[in-house]
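In what follows, a single structure is set out as C-alpha cells and then discussed.
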Amino acid sequence: MKITKIDLHIIEMKLKTPFVTSLGKVTNRRGIIVEIHDETRATGLGEAVAFSTPWYTEETVETCFHIIKDVLAPLVLNRSFEHPEELFDRMKTVRKNPMAKASIDMAVWDLYAKLLGQPLHKLIGGTRENVLAGVVIGAHSIREMLQQIERARQDGYNRVKIKIGPGKDEKWIRVIQESYPDMDILADANSSYTQNEELLLKLDDLGLQMIEQPLSQDDLVDHAALQKKMKTPICLDESITSLHAAKSAILLNSCKMINIKIGRVGGLTEAIRIHNLCQEHGIQVWCGGMLEFGVSRAHNVALATLPGFSIPGDISSSSRYWEEDITSTDIIVKDGTIFPFKGVGIGVELNRERLKQVRIHHEIIYK
Ligand SMILES: [Mg+2]
C-alpha cells in the first residue's frame, strides 16, 4: 500500500437527543472523517472521535485536525506499508494524540482489508456471528432518563449504561431497577467521584454490572484501593490510553473490566493488543462508544467480533443518534445484537450526498 492522498472532512450533526454526562452536555456533534487513497485509487475510511471540547480526554476536533494534517500526514504520505501494524511504529515518534492517530490507523486497516478483498472483522480474527449491542443514556432528570430507557427497551436493547455522578446515583438507580427489574444496568461516572469515595461505596449493594471510571484518569493506584473495598467490578475507560496503561492496571488490580475504544487507545492495532492481553489475564472487555458517526461505528462492530468481547458494548444503531448518518448502510440492532457487515473492509461507504449536507470544512492533502 502506498498512500498518495488524504481527504479530511469535518462534519457537524445535531444529536436527536442531547447527551448529558457528569462533565458536560453534547447537543451538536462535530467529527472528522478521514479518507485515505492509495496509488491504485482504492480508499480506506477512518474517523477522529474527539469531541469539540476536552471534557473526555485532552484532544479536540481542532487538535486532531492540526495533528493529522500537519504532523501525521507527512509521516504516511508517499510511504509504502506492507501491513497496517507498521503504521503504529511509524506514528510512535509523535507523543500521545491517540484519537488523531487512530483515525489514520482505522483508514489504513479498512484500505488493507479492501485490497485483500476481505471483511475487516474476518481479517482481524473476529469469531462472533453477532455483536452484543447496548445503549448509553445521559439525562438531566430521572424522568428524562426513564423516558429514554423506555425507548431503548422498545428498540430491543437489553442492557443500558447510565451516566451517573454525585447526587444522580443511588436514588436514580433504585428507581430504574424498580421500573425494569430484569434489565442489566451499568453505571458510568466519568471520574466524578474523585473526592467522594464514600458515595461510591453506597452503590456497592445495588447489584450493578459494573461501575465505569469512578476516579480520575491517572488514578490507577486509587482505583486499585477502591476495587479492594468494592465487590462491584470497576471498569476502566479514560485511564486505559494504551497497551502499557492496560498492563499497569492489570498488574495493580485496578479493575476487573476494561472498556476498549479504538480512538482512545490510538487505533485498531493497539485495541487488538489490549484485547489479547485482557484475554490472557481473564479481564472482561467490551467496546465503548464515542457518540460517533457511521465510520467509527462500523470499525467498532468489526473490533467487537473478537472472542473476548463477551459483554454488550456501547454500540447502538445509527438511528438512535442521527436523523441520517453519513454512511451508505446503517447499523441496525435487532434483539439486542448487530450482525457484522458482509462487504469488504468495514463494509460501509460514504453517503456523498449526506456528507455534503453536513460538511463544514474539506481539505485534500498531498505531499
Ligand atoms: Mg465511559
Side-chain angles (χ1 to χ4, degrees), residues 15 18-26 29 31 49-60 98-99 102 132-139 145 148 152 157 159-166 168-169 172-173 184-194 196 200 203 208-220 222-223 226-227 230 232-242 245-246 249 254-266 270-271 274-275 278 283-292 296-297 299-300 303-304 309 311-316 320-321:
L15 282 159
F19 190 75
V20 183
T21 74
S22 61
L23 300 168
K25 180 169 132 179
V26 182
R29 179 73 166 108
V49 297
F51 291 100
S52 297
T53 57
W55 67 268
Y56 172 71
T57 60
E58 305 90 333
E59 290 178 278
T60 66
M99 292 180 188
L132 303 167
V135 70
V136 194
I137 294 174
M145 189 164 273
Q148 290 194 46
Y157 294 94
R159 161 274 195 205
V160 293
K161 186 172 94 176
I162 58 165
K163 294 287 190 182
I164 60 161
K168 287 179 169 182
D169 46 20
W172 287 36
I173 295 163
D184 290 333
I185 301 173
L186 298 76
D188 187 359
N190 289 107
S191 302
S192 56
Y193 291 86
T194 304
N196 291 294
L200 273 176
L203 309 181
L208 292 169
Q209 264 213 336
M210 52 128 233
I211 293 182
E212 185 174 331
Q213 198 69 39
L215 309 178
S216 284
Q217 183 176 341
D218 300 321
D219 284 349
L220 287 184
D222 291 351
H223 275 111
L226 179 66
Q227 182 66 89
M230 292 186 87
T232 308
I234 290 177
C235 172
L236 290 178
D237 174 356
E238 286 92 327
S239 294
I240 309 300
T241 51
S242 63
S254 306
C255 62
K256 291 181 179 159
M257 293 183 191
I258 286 179
N259 157 354
I260 302 183
K261 289 182 181 172
I262 300 172
R264 197 194 61 229
V265 304
E270 192 81 334
I274 294 173
H275 161 271
C278 289
I283 298 285
Q284 290 186 288
V285 300
W286 52 280
C287 182
M290 287 290 293
L291 297 176
E292 57 257 276
S296 177
R297 241 167 246 275
H299 278 278
N300 287 345
L303 176 70
F309 286 86
I311 309 172
D314 290 343
I315 312 171
S316 33
R320 228 200 116 67
Y321 297 103

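Each ligand, and each atom within it, is numbered from 1 in the order the structure gives. Hydrogens, waters and symmetry mates are skipped; everything else that's a heavy atom, side chains included, is used.
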Do Met290 and Met99 have side chains that approach each other closer than 4.5 Å (heavy atoms only, starting at C-beta)?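 Heavy-atom side-chain distance check passes, below 4.5 Å.
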
Using the side-chain contact (heavy atoms from CB on, under 4.5 Å) rule, pick out the option among Asp314, Leu132, Ile260 that qualifies with Trp286.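 Among the candidates, only Asp314 passes.
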
Does Lys163 come within less than 4.0 Å of Asp169, counting only side-chain N to carboxylate O?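 The answer is no: the pair does not qualify as a salt bridge.
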
Could you tell me which N, O or S atom of [X] is nearest to the Mg ion (ligand 1)?
| X | answer |
| --- | --- |
| Asp188 | OD2 |
| Asp237 | OD2 |
| Glu212 | OE2 |

Given the ring of Phe51, does Arg29 sit roughly above its face, with NZ or CZ under 6.0 Å from the centre of the six-membered ring and within 45° of the axis?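 Relative to the ring axis of Phe51, which defines the angle, Arg29 lies inside both limits.
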
Under 2.8 Å from the Mg ion (ligand 1) - does any N, O or S atom of Asp314 fall there?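 Looking at Asp314, which is the residue asked about, there is no N, O or S atom under 2.8 Å from the Mg ion (ligand 1).
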
